[in-house]
Amino acid sequence: MRILIVEDDPNLNRQLEDALLAAGYVVDRAFDGEEGHFLGDTEPYDAVVLDVGLPKMDGISVLERWRREGRAMPVLLLTARDRWSDKVAGIDAGADDYVAKPFHMEEVLARLRALIRRAAGHASSEIHCGPLRLDTKASKASIDGASLKLTSHEYRLLAYLMHHQGQIVSRSELIEHMYDQDFDRDSNTIEVFVGRLRRKIGNDLIETVRGLGYRMQHDG
Ligand code: CA
């Protein structure tokens with residue numbers, strides 16, 4: 001799951017990055033509204049953390065432009081405390097949720113998890129697929145109750161596939177959601193990771209759809 005952070009305060013931006021990386025996400029960062037708007041417009045994100053008060057273009061304008069341009073990714077707004085007008089403007093502009101500053105990092109993480117799950121149509125923080133269980137809160141997976149030892153790349157791959165059960169996911173889509181913008185992308189690495197994942201979870205759960213990509217079995 002790939003997240004964009006748009007926050008001009010360098011310390012806060014870094015703290016958000018650290019927390020999101022620790023939670024198993026891939027992270028891109030922007031420090032002003034123009035850069036943030038550009039990234040959100042050109043790269044696929046599973047969610048965005050967007051500050052309202054930004055240089056060059058404010059967060060509400062960034063969000064309005066994305067929505068006008070048809071970008072539908074979940075957006076969590078960071079608003080100044082007690083600025084109820086920001087919250088109203090943000091929701092009108094198409095924000096999915098907001099957190100007022102100063103916030104507890106745990107709250108940002110919990111709200112992001114909920115937004116990403118809802119966007120994928122899952123109501124609970126645990127996602128199941130046959131014997132597999134993904135605990136999005138702890139960033140852990142288990143099979144038949146036994147916890148899986150996964151590398152961060154394997155976890156990202158499994159999490160993306162489990163959020164999109166029953167759908168064909170192409171290699172390029174996986175790459176876009178598993179790596180940040182600076183990564184040297186090579187689609188052959190996806191095959192390697194799928195191979196490793198299958199050795200840990202069995203061959204049946206991830207189907208190869210020839211010429212198109214992969215499909216995780218759908219658990220209903
Ligand atoms: Ca700010």
Side-chain angles (χ1 to χ4, degrees), residues 1-67 71-119 125 135-140 151-153 155-156 159-160 176-185:
M1 298 288 151
R2 186 170 166 198
I3 314 279
L4 172 64
I5 299 168
V6 191
E7 167 61 64
D8 58 313
D9 176 333
N11 288 327
L12 191 51
N13 192 312
R14 168 68 65 184
Q15 286 166 27
L16 284 162
E17 181 191 35
D18 289 345
L20 291 175
L21 289 174
Y25 298 107
V26 184
V27 176
D28 287 339
R29 302 195 295 158
F31 296 84
D32 65 61
E34 277 178 11
E35 186 189 14
H37 171 264
F38 175 76
L39 282 174
D41 199 34
T42 51
E43 298 286 327
Y45 292 104
D46 297 293
V48 179
V49 179
L50 177 64
D51 187 29
V52 170
L54 289 170
K56 294 190 183 173
M57 195 194 308
D58 69 88
I60 304 289
S61 304
V62 170
L63 182 55
E64 279 171 349
R65 281 183 65 178
W66 280 336
R67 296 310 192 220
R71 307 293 294 182
M73 65 285 195
V75 172
L76 178 67
L77 271 192
L78 303 179
T79 65
R81 201 156 86 96
D82 298 334
R83 285 289 297 272
W84 63 268
S85 54
D86 281 355
K87 294 170 193 165
V88 173
I91 289 165
D92 281 343
D96 298 274
D97 202 354
Y98 61 83
V99 176
K101 291 179 177 180
F103 51 75
H104 290 286
M105 201 54 81
E106 278 307 314
E107 185 178 0
V108 169
L109 291 174
R111 289 183 183 278
L112 270 180
R113 280 196 297 273
L115 288 183
I116 292 169
R117 277 198 323 260
R118 260 183 262 145
S125 68
D135 180 347
T136 61
K137 214 165 147 187
S139 307
K140 289 195 162 71
T151 64
S152 61
H153 282 106
Y155 177 81
R156 288 173 192 166
Y160 195 81
E176 283 176 331
H177 291 268
M178 282 174 63
Y179 300 108
D180 61 47
Q181 56 168 340
D182 299 326
F183 190 83
D184 181 18
R185 291 148 177 205

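Quick caveat: nothing in here was measured; it's all calculated off a predicted structure. In what follows, residues are counted from 1 in the order of the sequence shown.
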(message) Restricting to salt bridge (Lys or Arg N to Asp or Glu O under 4.0 Å), what partner residues turn up for Glu107, sequence neighbours left out?
(response) Arg111
(request) Could I get the full list of salt bridge (Lys or Arg N to Asp or Glu O under 4.0 Å) partners for Asp46, not counting sequence neighbours? (result) none
Could you tell me the separation between the [atom1] atom of [X] and the [atom2] atom of [Y], rounded to the nearest 0.5 Å?
X     : Y     : atom1 : atom2 : answer
His37 : Thr42 : NE2   : OG1   : 9.0 Å
Phe38 : Asp32 : CZ    : CG    : 12.5 Å
Asn13 : Phe31 : CG    : CZ    : 4.0 Å

Check side chain to side chain contact (heavy atoms under 4.5 Å, CB included) between [X] and all other residues, then give those that pass, not counting sequence neighbours.
X      : answer
Glu17  : Ile5, Arg14, Leu21, Val27, Arg29
Asp9   : Glu7, Asn11, Leu12
Asp96  : Arg67, Pro74, Val75, Leu115
Ala138 : Asp135, Lys140

I want to check something: taking the side chain as every heavy atom from C-beta on, are [X] and [Y] in contact at a cut-off of under 4.5 Å?
X      : Y      : answer
Leu76  : Asp97  : yes
Arg71  : Tyr45  : no
Leu16  : Met105 : yes
Ile116 : Ile3   : yes
Asp51  : Lys101 : yes

For the residue pair [X] and [Y], what are the closest heavy atoms and their distance?
X     : Y      : result
Gly36 : Leu4   : O-CD2, 3.8 Å
Ala95 : Leu77  : CB-CG, 3.8 Å
Gly24 : Ser139 : N-OG, 4.4 Å
Ala30 : Leu39  : CB-CD1, 4.2 Å
Trp66 : Asp41  : NE1-N, 3.5 Å

Side-chain donor/acceptor pairs under 3.5 Å, residues 52-65, sequence neighbours excluded:
unit_1 : atom_1 : unit_2 : atom_2 : d
Asp58  : OD1    : Ile60  : N      : 3.0
Asp58  : OD1    : Ser61  : N      : 3.0
Asp58  : OD1    : Ser61  : OG     : 3.4
Asp58  : OD2    : Ser61  : OG     : 2.8

(request) Return the set of residues passing side-chain hydrogen bond (donor to acceptor under 3.5 Å, both in side chains) with Arg2 (not counting sequence neighbours), or none when no residue passes. (result) Asp28, Glu43
(request) Report, as yes or no, whether the 6.0 Å neighbourhood of atom OH on Tyr98 holds more than 12 heavy atoms from other residues, nucleotides or ligands. (result) no
(request) Could you tell me which residues satisfy ring-ring contact (aromatic ring centres under 6.0 Å, His included) with Tyr179, sequence neighbours excluded, listed by chain and number? (result) His153, Phe183
(message) Checking Tyr160 now: which residues fulfil ring-ring contact (aromatic ring centres under 6.0 Å, His included) with it, not counting sequence neighbours?
(response) His164, His177
(request) Please answer whether the main-chain N or O of Thr136 pairs with a side-chain N or O of Ser125 as donor and acceptor at a distance below 3.5 Å. (result) no
